[in-house]
Amino acid sequence: MTPGMLKNLKISFVAVLLPVFLLLDGEISCIDGILLVGAFVVYVIWLLRSGRGAREIAERMRLSKQVVRLGITVFLLVIGITVCS
């Protein structure tokens with residue numbers, strides 16, 4: 001296992017635990033949601049800045065398109081949940 005993979009594994013572990021800690025009070029509030037979205041944005045920016053090389057740049061571009069699509073999907077999901085509530 002490379003050091004980069006180990007670092008990603010640690011961050012993924014924190015990403016799994018963060019919602020659990022935010023749920024300890026029994027609900028996810030708007031502030032909790034903002035914290036989760038903010039943590040996701042910081043993680044994506046960190047991923048994009050940590051990669052190096054032409055091959056990784058091409059991969060990042062492909063991933064950034066997927067992130068944009070994912071962001072749009074999440075945004076539409078939030079809008080749908082908000083409208084249905």
Side-chain angles (χ1 to χ4, degrees):
M1 190 175 283
T2 65
M5 289 174 63
L6 187 58
K7 187 179 250 185
N8 283 338
L9 184 63
K10 289 177 184 177
I11 292 173
S12 296
F13 184 70
V14 170
V16 168
L17 289 180
L18 183 60
V20 173
F21 287 128
L22 293 174
L23 265 172
L24 288 177
D25 63 352
E27 67 180 7
I28 298 271
S29 66
C30 289
I31 294 172
D32 294 338
I34 291 169
L35 286 173
L36 289 169
V37 171
F40 173 72
V41 168
V42 168
Y43 177 65
V44 168
I45 290 170
W46 176 78
L47 281 177
L48 292 174
R49 289 187 178 187
S50 67
R52 292 184 176 89
R55 182 176 174 199
E56 291 175 346
I57 290 172
E59 181 68 15
R60 281 190 286 160
M61 291 299 292
R62 186 180 66 79
L63 287 175
S64 67
K65 289 179 184 177
Q66 290 176 347
V67 168
V68 169
R69 287 184 196 140
L70 177 64
I72 291 170
T73 303
V74 169
F75 175 76
L76 292 175
L77 176 68
V78 169
I79 295 295
I81 290 172
T82 304
V83 170
C84 291
S85 297

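Just so it is clear, the values below take in all heavy atoms, side chains as well, and ignore hydrogens, waters and symmetry mates. None of these values were measured; they are calculated from a predicted model.
- The minimum heavy-atom distance linking Val20 with Val16 is given by the pair CG2-O, 3.7 Å.
- Nearest heavy-atom pair across Leu18 and Ala39 is CD2-CB, 3.9 Å.
- Taken together through direct or relayed side-chain contacts under 4.5 Å among Ile, Leu, Val, Met, Phe, Trp and Tyr, Phe40 and Val74 form part of one hydrophobic cluster.
- The distance from atom CG of Leu76 to atom CD1 of Ile81, rounded to the nearest 0.5 Å, is 11.0 Å.
- Linking ILVMFWY residues whenever their side-chain heavy atoms come closer than 4.5 Å, directly or via other members, leaves Val41 and Ile34 in distinct clusters.
- With sequence neighbours left out, the side chain to side chain contact (heavy atoms under 4.5 Å, CB included) criterion links Ile79 to Phe75, Val83.
- You'll find the side chain of Val14 stays beyond 4.5 Å of the side chain of Tyr43, heavy atoms only.
- Placement of Leu23 and Leu35 within a single hydrophobic cluster is found when ILVMFWY residues are connected by side-chain heavy-atom separations under 4.5 Å, directly or transitively.
- The hydrophobic clustering, which links ILVMFWY residues whose side-chain heavy atoms are closer than 4.5 Å, places Leu24 and Phe13 together.
- Here the straight-line distance linking atom CG of Leu77 with atom CD1 of Ile72 works out to 13.5 Å at 0.5 Å rounding.
- Annotation for Pro19 and Leu36: closest pair CG-CD2, 4.0 Å, computed over non-hydrogen atoms.
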